[in-house]
Amino acid sequence: MTVLLALYIALVGQRAVAFVQTGQPIGIGIGVALFVVAAIGALLLVLEFRFGLRITRLGARLEREGGTPDDVVPVRPSGRPTREAADERFPRYRDAVEADPEDWRGWYRLGVVYDAAGDRKRARAAMRTALAKARATR
C-alpha cells in the first residue's frame, strides 16, 4: 500500500506540473490544487511511517523488559486474530490501565488487544497514549 501511495503521489505531482505548464489560469489553479493534494499525501505518509517506527521501537522495548502479553490470541487460517478471544482478554488489560493510567506498558498492551479485537481507532489512540506516557517517563 505504501508503494502504491508513493506512486500515486508521484503521478499527482507529475500531473500538477503538467497543468501548471499550460500557462492557462484554470490549468495553473488545477495544478496548484494537485500540488496541495500531493503534499498532504506525502505528509500523511511520513507521519504514518514515523508512528509505525515509534510503535515498533516501543514494542521492542517492552519485549526487552519481558512485558509483552503472555496470553496468545488464537488466529484464523488467514492469520487474523479471533475477535471473540480478544474480547475475552480485553477486561484484564483495561483493568490494568485503569489501575495505573500513567504506565505506558499497560496502554501499549491495551492497544494490542484493541487491534486484535478489530477496533483500529481505539488501538491507535491507546498506542498514541502509550507513546506519550513513555516519552514522559524518559
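Although no hydrogens or angles enter the test, the distance criterion places a donor-acceptor pair under 3.5 Å between the side chain of R109 and the main chain of G67. With W104 contributing its side chain and L131 its backbone, the two residues share no donor-acceptor pair below 3.5 Å. When atom types are taken as modelled, the side chain of R122 and the backbone of G111 share no donor-acceptor pair closer than 3.5 angstrom.
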List the steps and the verdict of side chain to side chain contact (heavy atoms under 4.5 Å, CB included) for V97 and R94.
CA-CA 5 Å; V97 167; R94 181 197 58 219; 5.9 Å; no

Go through it in stages, so that I can follow the logic: the residues are L58 and M127, the test is side chain to side chain contact (heavy atoms under 4.5 Å, CB included), and I'd like the CA-CA distance, side-chain angles, deciding distance and then a yes or no.
CA-CA 9 Å; L58 199 58; M127 290 296 188; over 6 Å; no

Run the side chain to side chain contact (heavy atoms under 4.5 Å, CB included) check on R64 and R61 step by step: do they pass?
CA-CA 5 Å; R64 281 191 308 274; R61 180 177 164 192; 3.6 Å; yes

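With salt bridges taken as basic N to acidic carboxylate O contacts below 4.0 Å, none links D103 and K133. A salt bridge between E48 and R124 is present, with a side-chain N of the basic residue lying under 4.0 Å from a carboxylate O of the acidic one.
In terms of hydrophobic clustering, with Ile, Leu, Val, Met, Phe, Trp and Tyr side chains grouped at heavy-atom distances under 4.5 Å, V12 and V20 are assigned to different clusters. Clustering ILVMFWY residues whenever any of their side-chain heavy atoms sit less than 4.5 angstrom apart, transitively, puts F49 in the very cluster that holds L5.
In this structure, the side chains of V17 and Q14 stay at 4.5 Å or more apart for every pair of heavy atoms. Side-chain contact between F19 and V32 is absent, with no heavy atoms from C-beta onward closer than 4.5 Å.
Remark: R15 CZ to L34 CG distance equals 10.0 Å, nearest 0.5 Å. Here R50 contributes atom CZ and I55 contributes atom CD1; the two are 12.0 Å apart, rounded to the nearest 0.5 Å. If you take CG on L45 and CE on M1, they are separated by 11.0 Å, rounding to the nearest 0.5 Å. To the nearest 0.5 Å, atoms CZ (F51) and CG (L44) are separated by 13.5 Å.
Between Y114 and F90, the ring center distance clears the sub-6.0 Å criterion.
Of all heavy-atom pairs between A16 and G31, the closest is CB-O, 3.3 Å. The two residues A38 and G13 make their nearest non-hydrogen contact at CB-N, 4.3 Å. Nearest heavy-atom pair, T22 versus I28, reported as atom, atom and distance to 0.1 Å: OG1-N, 4.4 Å. Of all heavy-atom pairs spanning G59 and Y108, the tightest one is CA-OH, 3.3 Å. Contact detail for L62 and R105: the closest heavy-atom pair is CD1-CG, 3.4 Å. Closest approach of G41 and I9 over heavy atoms only: C-CD1, 3.4 Å.
In this structure, L43 places its CG atom where more than 12 heavy-atom neighbours from other residues, nucleotides or ligands lie under 6.0 Å away. The environment of OH in Y8 is sparse: at most 12 heavy-atom neighbours from other residues, nucleotides or ligands sit within 6.0 Å. At most 12 heavy atoms of other shown residues, nucleotides or ligands fall within 6.0 angstrom of atom CD in E63.
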